[in-house]
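Side chains included, hydrogens not; waters and symmetry mates left out as well; all remaining heavy atoms used.
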Amino acid sequence: MAEGLYKEGIAAQRLAPDQYPKNFADLHPPLDRHEALVESDRCYFCYDAPCMQACPTSIDIPMFIRQISTGNPLGAAKTIFDQNILGGMCARVCPTETLCEEVCVREVAEGKPVQIGRLQRYATDTAMSRGVQFYQPAASTGRKVAVVGAGPAGLACAHRLAMHGHHVTIYEARPKPGGLNEYGIAAYKAPEGFAQAEVDYVLGIGNIEVKNGQMMGRDFALSELAATHDAVFVGAGLTGVNALQADGEEFEGVENAVDFIAALRQAPDLSQLQVGRRVVVIGGGMTAVDAAVQSKLLGAEQVTIAYRRGKAHMNASEFEQDLAASKGVTIRHWLKPVRILAANGKVTGIELEYTEIRDGRVAGTGEMVRIDADQVFKAIGQTFDPMPLNGSGSAIAMEAGRIKVDDEGRTSAPKIWAGGDCIFGGDDLTVSAVAHGRDAAESIHRALISNGRA
């Protein structure tokens, strides 16, 4: 074991060089052809398939599994892409255990669902590895649509609009497109540059231009896009991070979990990433688990997730919680942060208060506990920053701090649609964002062809 593991404070090179690629290898190795055929034979091909009802993008799951079982993975891939053009990433990162696989008839009857996610990956990987493009743009409509954000919602929207013959320009604030898929998920869920490979596949349809380093509110105003395009789709995602509401957040060693995950995803050499010897993650969602597990995989000796409610209340799925435990992460429930402890401005620990449900709300009991730490990650949710919408004045209605839309993704402002995490009701899932973008694109298309302009 590397000596770096026992370095105090936040340090790099905690593990032997050859340990990093092993730790961050593919979480779920792909099925080979034989494995895919065997697994596909387990499907009952239900007529009124509950798995399909549970999929936010309504993929015809029995159909694509039957296509795999008959030796037609390319047909299966098209069935998937027809509904979810980012089906390859969704096969890797979707919490299938709480969506399609949770309601699989095999799961209900036997406790062992058909591995829908891995079969979906088998099909989509086959098509992408062979460079098979199923779609091409329709004849040009002469209409121009702007898409703000090159995340899952924006990419899905752009692809569907391009299919209909509209020209799309995507404005992306970061150096790379991909959004959450590129910057916000654990590295072991999509290794070997898959996120960018999928972006290239999506853009392969043509009629889509991506402008990176373009931030709404800094480099352009939404009103400008609305004035120069026939329609606009906003898929900006979430940029703010909720505060701990604990004393000492300013100390060195307190960081945002999303920034840590993004840095890890972009790091050319994982051994150079710094991580604490003793890490505490505050939160109970997927981001908290991703930050905690990856801290452990980088060589942190002790990693603790502290969550203010019980196990059943955690947004992270049971699979994710079990994954964290299997990697040596300790999950402690009914604790909320009160004070960050520090010496010479650097984190030395965190003081937490035990909690309980009182009158339907989380309340402190007055009993305290201290956990030693040299690094604390905040993973208690992100917020949407409405300030970049400044070019639209008060025309865009908000609800609970996010953009209010109707069932088709229309905002209160003419010509502007929205989807993904930035809208009220967004749930921080790639698959849901894809559905929002796809459906908004269809609404935009109907508006453009029926009215001439949105």
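- Using modelled atom types, no side-chain atom of Gln272 and backbone atom of Ala12 make a donor-acceptor pair closer than 3.5 Å.
- Listed by chain and residue number, Glu408, Trp417 satisfy the side chain to side chain donor-acceptor pair (under 3.5 Å) test with Ser443 (two or more places apart in sequence, or in another chain).
- Without hydrogens or angle criteria, Gln375 side chain to Val280 main chain gives no donor-acceptor distance under 3.5 Å.
- Looking at Val376 and Ile282, their side chains come closer than 4.5 Å, going by heavy atoms from C-beta outward.
- Side-chain N/O atoms of Ser271 and Asp269 include a donor and acceptor closer than 3.5 Å.
- With sequence neighbours excluded, no residue satisfies ring-ring contact (aromatic ring centres under 6.0 Å, His included) with Phe384.
- Residues forming a side-chain contact (heavy atoms from CB on, under 4.5 Å) with Arg42 (at least two apart in sequence, or on another chain): Glu39, Arg106, Glu110, Lys112, Val114.
- Distance alone, capped at 3.5 Å, is enough to place a donor-acceptor pair between the Asn242 side chain and the Ile380 backbone.
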- Task: For the pair Leu37 and His34, evaluate side-chain contact (heavy atoms from CB on, under 4.5 Å) and give the outcome as yes or no after the intermediate values.
- Result: CA-CA 5 Å; Leu37 290 173; His34 175 72; 5.7 Å; no
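- Between Lys189 and Asp290, at least one side-chain nitrogen of the basic residue sits less than 4.0 Å from a carboxylate oxygen of the acidic one, meeting the salt-bridge criterion.
- Take Asp247 and apply the side chain to side chain donor-acceptor pair (under 3.5 Å) test, not counting sequence neighbours, and it matches no residue.
- Checked by atom type and distance alone, the side chain of Arg278 never pairs as donor or acceptor with a backbone atom of Gly349 at under 3.5 Å.
- Arg66 is linked by a salt bridge (charged side-chain N to carboxylate O under 4.0 Å, His left out) to nothing, counting only residues two or more places apart in sequence or in another chain.
- Counting heavy atoms of neighbouring residues, nucleotides and ligands inside a 6.0 Å radius, atom CG of Asn344 does not exceed 12 of them.
- Note that CZ of Arg370 and CZ of Arg339 are 8.5 Å apart. Values are rounded to the nearest 0.5 Å.
- Between the side chain of Gln196 and the backbone N or O of Pro177 there is at least one donor-acceptor pair closer than 3.5 Å.
- Counting only residues at least two apart or in different chains, side-chain hydrogen bond (donor to acceptor under 3.5 Å, both in side chains) contacts with residues 292-307 comprise Arg277-Glu301.
- Within the 3.5 Å criterion, the main-chain N or O of Val362 finds no donor-acceptor partner in the side chain of Glu356.
- In this structure, the separation between OG1 on Thr239 and CE on Met387 is 11.5 Å, given to the nearest 0.5 Å.
- Remark: the Thr79 side chain and the Gln67 side chain contain an N/O donor-acceptor pair separated by less than 3.5 Å.
- Asp26 pairs by the side chain to side chain donor-acceptor pair (under 3.5 Å) definition with Arg121, not counting sequence neighbours.
- Applying the ring-ring contact (aromatic ring centres under 6.0 Å, His included) criterion to Phe260, with sequence neighbours excluded, gives Phe377.
- In this structure, CG in Asp82 is found 7.5 Å from CZ in Arg160, a value given to the nearest 0.5 Å.
- Residues in residues 271-294 take part in no ring-ring contact (aromatic ring centres under 6.0 Å, His included) pair, two or more places apart or across chains.
- For the atom pair CZ (Arg174) and CG (Asn212), the distance works out to 11.5 Å, reported to the nearest 0.5 Å.
- Of the N and O atoms on the side chains of Asn181 and Thr430, at least one donor lies less than 3.5 Å from an acceptor on the other residue.
- No side-chain donor-acceptor contact under 3.5 Å links Glu107 to the backbone of Cys104.
- The ring-ring contact (aromatic ring centres under 6.0 Å, His included) test applied to Tyr135 returns His159, not counting sequence neighbours.
- Here Phe251 contributes atom CZ and Lys346 contributes atom NZ; the two are 13.5 Å apart, rounded to the nearest 0.5 Å.
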Side chains of residues 43-59: which donor-acceptor partners sit under 3.5 Å, not counting sequence neighbours?
none

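- For Ser432 and Asp427, the side-chain atoms include at least one donor-acceptor pair closer than 3.5 Å.
- Atoms CD and CG, from Gln115 and Leu119 in turn, are 7.0 Å apart once rounded to the nearest 0.5 Å.
- Taking 4.5 Å as the limit, every side-chain heavy atom of Val202 sits out of range of all side-chain heavy atoms of Val199.
- A heavy-atom distance below 4.5 Å is found between the side chains of Lys378 and Val254.
- Heavy-atom minimum distance, Met398 versus Pro386: CE-CB, 3.8 Å.
- Of the possible polar contacts, one joining the Arg92 side chain to the Gly88 backbone as a donor-acceptor pair under 3.5 Å is found.
- Salt-bridge check for Lys176 with Glu182: passed, with a basic side-chain N closer than 4.0 Å to an acidic carboxylate O.
- Between the side chain of Arg14 and the backbone N or O of Val275 there is at least one donor-acceptor pair closer than 3.5 Å.
- By the neighbour-count criterion of 12 heavy atoms within 6.0 Å, atom CD of Glu8 is densely surrounded, having more than that number from other residues, nucleotides or ligands.
- Checked against His28 for a ring pair (Phe, Tyr, Trp, His ring centres under 6.0 Å), the options Phe319, Tyr122, Tyr188 give a single hit: Phe319.
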- Query: Checking side-chain contact (heavy atoms from CB on, under 4.5 Å) for the pair Thr355/Leu335: CA distance, chi angles, key distance, verdict?
  - Reply: CA-CA 6 Å; Thr355 60; Leu335 288 173; 5.9 Å; no
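- At most 12 heavy atoms of other shown residues, nucleotides or ligands fall within 6.0 angstrom of atom CZ in Arg361.
- Checked against the 6.0 Å centroid criterion, the rings of Phe81 and Tyr201 qualify as a close aromatic pair.
- Judged by distance alone, the side chain of Arg402 and the main-chain N or O of Asp421 form a donor-acceptor pair under 3.5 Å.
- For Tyr354, there are no ring-ring contact (aromatic ring centres under 6.0 Å, His included) partners two or more places apart in sequence or in a different chain.
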